[in-house]
Chemist: 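So that we are looking at the same thing, I have put the structure below in structure tokens.
Remember, predicted model here, so these are calculated numbers, not experimental data. Chain A is the first sequence line, chain B the second, and so forth, proteins listed ahead of strands; every chain is numbered from 1.
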There are 4 protein chains.
Amino acid sequence: MNGYERRTELKKDKIRSAALELFCAYGTDKTSINEIAQKAGVAPASIYNYFGSKEEMVKDIIINLLESSLKAKKELWESDRPFPELMKRAISMQDDFIEHTNLDLLLQALLNTDPEIKKLIDDIYKRRYPYIVEKFIEKGHKDGYIRRDLSIEAATIYLKMYQDVVQQPEILKNRNKNLLKELYDLMLYGLAGTPIQDKV
Amino acid sequence: MNGYERRTELKKDKIRSAALELFCAYGTDKTSINEIAQKAGVAPASIYNYFGSKEEMVKDIIINLLESSLKAKKELWESDRPFPELMKRAISMQDDFIEHTNLDLLLQALLNTDPEIKKLIDDIYKRRYPYIVEKFIEKGHKDGYIRRDLSIEAATIYLKMYQDVVQQPEILKNRNKNLLKELYDLMLYGLAGTPIQDKV
Amino acid sequence: MNGYERRTELKKDKIRSAALELFCAYGTDKTSINEIAQKAGVAPASIYNYFGSKEEMVKDIIINLLESSLKAKKELWESDRPFPELMKRAISMQDDFIEHTNLDLLLQALLNTDPEIKKLIDDIYKRRYPYIVEKFIEKGHKDGYIRRDLSIEAATIYLKMYQDVVQQPEILKNRNKNLLKELYDLMLYGLAGTPIQDKV
Amino acid sequence: MNGYERRTELKKDKIRSAALELFCAYGTDKTSINEIAQKAGVAPASIYNYFGSKEEMVKDIIINLLESSLKAKKELWESDRPFPELMKRAISMQDDFIEHTNLDLLLQALLNTDPEIKKLIDDIYKRRYPYIVEKFIEKGHKDGYIRRDLSIEAATIYLKMYQDVVQQPEILKNRNKNLLKELYDLMLYGLAGTPIQDKV
DNA sequence: AATGAATGAGGGTTCATTCAT
DNA sequence: GATGAATGAACCCTCATTCAT
């Protein structure tokens, strides 16, 4: 990557981050190319030079986000840390995207309109993400934290659920140690609970 | 209610349902008044006669939905059914809104723009909904299904999480008995699980 | 006029006065039939029963106003009061329309769009109003308050100016030297005039 | 001013003059952006690029007109020409705006709706215009064309009247006896005046 | 490569007007 | 005769996109 390309990539990233911020604050629809251009300090026409169209830019940004998020999870769950720590970290991981909490909104809206995104999401949530979860569960089995009769499918949903919920701004804002700990207990032992000796 | 008013209310409902369907499919922004009007079989201007503006129409629909959903939950959880059945029904309740699965997304998007909606949501999720959950948990305690050291706060989040998740189209579409049952088990006993005798 | 007709005429007048008030406050364009109807306490459709269309209603009201205003002036200037009092009263006469000072606006806007109004205005300001002014000036002559070398034309313009009546673009366009000079004389020496040596 | 800016300014002026012509013919309300755009030979959207909104365009045009008109008067009355010529010219000055004779109507209509315009008008007619008139009268005094007992206030009103400038309803409302008497005196005896025995 | 200017397409909204009741 | 409901046409305005510079 020579100097020109590097500068181009830098500008693209500036546009990407400006756009993402606005998207999360107002949604992709209510964010105009002009606003993004102004916030990024470029001319609107330049965005078209870089990304082709607004739709493609949105896709580019979403894919970027999904891939990096997935990569982080994969790295975490393939690491050698003890199981309870993995769980704790997994739940809290989205800290990196603390200001991007509306990602799901972006996704949902696009799922119904863009087939390419739909394919990517499907690929992620039906193939790659389950694969990671499988690894996670295997470790849970091995370490004795997850009962053996639990299907990958159910576990995937369950985990995703937890991650989505802990992303919610209110929870993050009011987050007190006890609440998070309770949620964590619920995750392991459910409503009925099994007040076994807490290992965490 | 005379003839005029009855017809008006019928048309309003027709508009409401047409709008809701489109909103959930494409989001409120990408749904134009023209589309709604066409789908509902009325003139665009009529929508303004009924609702005043697009924004007010959105609010009207959302509030309608929230109130009726809350009412249904309240009725369910205040009923005299045994606890496990309550849980099962609560999880499956949104069947009625099987095609309205993006409600949360609508809400999220509106939370950032409309203060009136924000106030309503706050009222529901900080006052009325917790109150209902409290009743539900009391019953769980009494019947021995919920351990006594669980806070209302954590339980509220946990339950809401379950209801949101089970609303997801993929789960509903692929729903097989086993998956739902597994989720239900997870709800009660968590990942670690306590394969006590299943009472459900 | 029987009971029915009397009630009809009453309602029409109610509409007329409501409309006039709104017209003067906001202009005819920015005043909607619905507003008028509401202010007059009738249904919008009723206005159509009475007046046929908005345009016709506006015409009706304007003509009403012009005729009554002209009639008042005619009565005043044909009365037997001494000349100075006539003048004073003429200047102050628009008291009746103190809140209708935007009448000119209504007229001007209509002059360019409605030929019927144009014809009426022409009739008034080229035939009937000059006739009245002529009478007025004759009286001025006879009583020694107006010098004899003043043309009806100039006097008419002068009076109109004072009374804040329609400002006519045509006059400015067709302006001839004598007319301008007369206006200039009036400006310097007034109606009574002091035919001193002209220095211009 | 580079090429871009020069062309922009040219187009803006083209739009301004097209708009002004239509405004004077039909009023600002009855003139649509589409009409203006067509007459100016640009796309409707371009007008928004230039002026932001219809309202702002109207303000821009009005302010433009008022300022240039005021500037012309100021220059005239501060010039060294003999008094009678000044008067003659002042009366004839609006030649430049011979096709803009409805300016006053535009102003009146806007006075009731736009506070910024109201402030400008107030500034002009309560501060800047009277100042100019004062200079004019001083010259009239010095040259012996205006009797010394004439108030600035009355002279201002008188001149405005002659020049067909804004007719202010407030004046009529706040009318006090002296002011009216002065106006009446002016009407009878003109600027030069003939202090004959007052018969009124 | 970068951008200022221009615009076509479409959105929300208003309102004079009609029509069935 | 009076009215509530319904609407077509037109309006102001936005914005993704293109193009000449």
Chemist: If you write DNA chain E from 5' to 3' in dot-bracket form, with Watson-Crick or G-U pairs under 3.5 Å, [ ] for crossing pairs and | for pairs with another strand, what do you get?
Modeler: .||||||||||||||||||||
Chemist: Rounding to a whole Å, what distance do you find between C:Glu56:CD and E:dT17:C1'?
Modeler: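 After rounding, the gap between these two atoms is 13 Å.
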Chemist: Can you list everything that forms a side chain to side chain donor-acceptor pair (under 3.5 Å) with D:Lys54? Sequence neighbours excluded, please.
Modeler: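 In terms of side chain to side chain donor-acceptor pair (under 3.5 Å), with neighbours along the sequence ignored, D:Lys54 is linked to no residue.
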Chemist: Round to a whole Å and report the spacing from CZ of D:Arg6 to P of E:dG4.
Modeler: 17 Å
Chemist: If I take atom CG in residue A:Asp29 and atom C1' in nucleotide E:dG10, what distance separates them, rounded to the nearest angstrom?
Modeler: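 Rounding to the nearest Å, CG of A:Asp29 and C1' of E:dG10 are 14 Å apart.
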Chemist: Counting only heavy atoms and a strict 4.0 angstrom limit, can you tell me which residues of residues 36-50 of chain A come near DNA chain E?
Modeler: A:Ala43, A:Ala45, A:Ser46, A:Asn49, A:Tyr50
Chemist: Atom CD of B:Glu55 and atom P of E:dT13: how far apart are they, to the nearest Å?
Modeler: 8 Å
Chemist: For B:Met57 and E:dG11, give me the distance from atom CE to atom P, rounded to whole Å.
Modeler: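 Atom-to-atom, B:Met57 to E:dG11, this comes out as 13 Å.
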Chemist: Any sub-3.5 Å donor-acceptor pair from B:Ser68's side-chain atoms to B:Leu65's backbone N or O?
Modeler: yes
Chemist: Is the phosphate of F:dC12 approached by D:Ser53 (side-chain N or O, under 4.0 Å from OP1 or OP2)?
Modeler: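 The answer is no; no side-chain N or O of D:Ser53 sits under 4.0 Å from OP1 or OP2.
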Chemist: Give the rounded distance in Å between these two atoms: NZ of B:Lys30 and C1' of F:dC15.
Modeler: 13 Å
Chemist: Under 3.5 Å, sequence neighbours excluded: what are the donor-acceptor pairs made by side chains of residues 39-49 of chain D?
Modeler:
{"unit_1": "D:Lys39", "atom_1": "NZ", "unit_2": "D:Glu21", "atom_2": "OE2", "d": "3.2"}

Chemist: With C:Lys30, which residues qualify under side chain to side chain contact (heavy atoms under 4.5 Å, CB included), at least two apart?
Modeler: C:Tyr26, D:Asp29
Chemist: Tell me the interatomic distance from C:Phe23, atom CZ, to E:dA16, atom C1', rounded to whole angstroms.
Modeler: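 From C:Phe23 CZ to E:dA16 C1': 12 Å.
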Chemist: Using OP1 and OP2 only, check whether a side-chain N or O of B:Thr8 sits under 4.0 Å from F:dA5.
Modeler: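 It does, given that an N or O in the side chain of B:Thr8 lies less than 4.0 Å from OP1 or OP2 of F:dA5.
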Chemist: Excluding sequence neighbours, so at least two apart, what forms side chain to side chain donor-acceptor pair (under 3.5 Å) with C:Lys11?
Modeler: none
Chemist: On DNA chain E, compare the nucleotides closest to C:Glu35 and D:Arg7; which residue's is nearer the 5' end?
Modeler: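 It is D:Arg7 whose nearest nucleotide is closer to the 5' end.
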Chemist: Return the minimal non-hydrogen interatomic distance between B:Ser17 and B:Lys14, and the atom names on each side.
Modeler: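 B:Ser17 and B:Lys14 have their closest heavy atoms at OG-O, 3.3 Å.
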Chemist: Would you please name every residue forming a side chain to side chain contact (heavy atoms under 4.5 Å, CB included) with D:Gln38, sequence neighbours left out?
Modeler: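 Partners of D:Gln38 under the side chain to side chain contact (heavy atoms under 4.5 Å, CB included) test: none.
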Chemist: Excluding sequence neighbours, so at least two apart, what forms side chain to side chain donor-acceptor pair (under 3.5 Å) with D:Glu67?
Modeler: D:Arg128
Chemist: Can you tell me which nucleotide in E:dT17, E:dG11, F:dT21 comes closest to the side chain of C:Ile33?
Modeler: E:dT17
Chemist: Partners of B:Lys12 by salt bridge (charged side-chain N to carboxylate O under 4.0 Å, His left out), sequence neighbours excluded?
Modeler: none
Chemist: Hey, does the side chain of D:Lys11 come within less than 4.0 Å of E:dA6's phosphate (OP1/OP2), counting only N and O?
Modeler: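 For D:Lys11, the contact criterion (side-chain N or O under 4.0 Å from OP1 or OP2 of E:dA6) is met.
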Chemist: What integer distance in Å separates D:Lys54:NZ from E:dT14:P?
Modeler: 15 Å
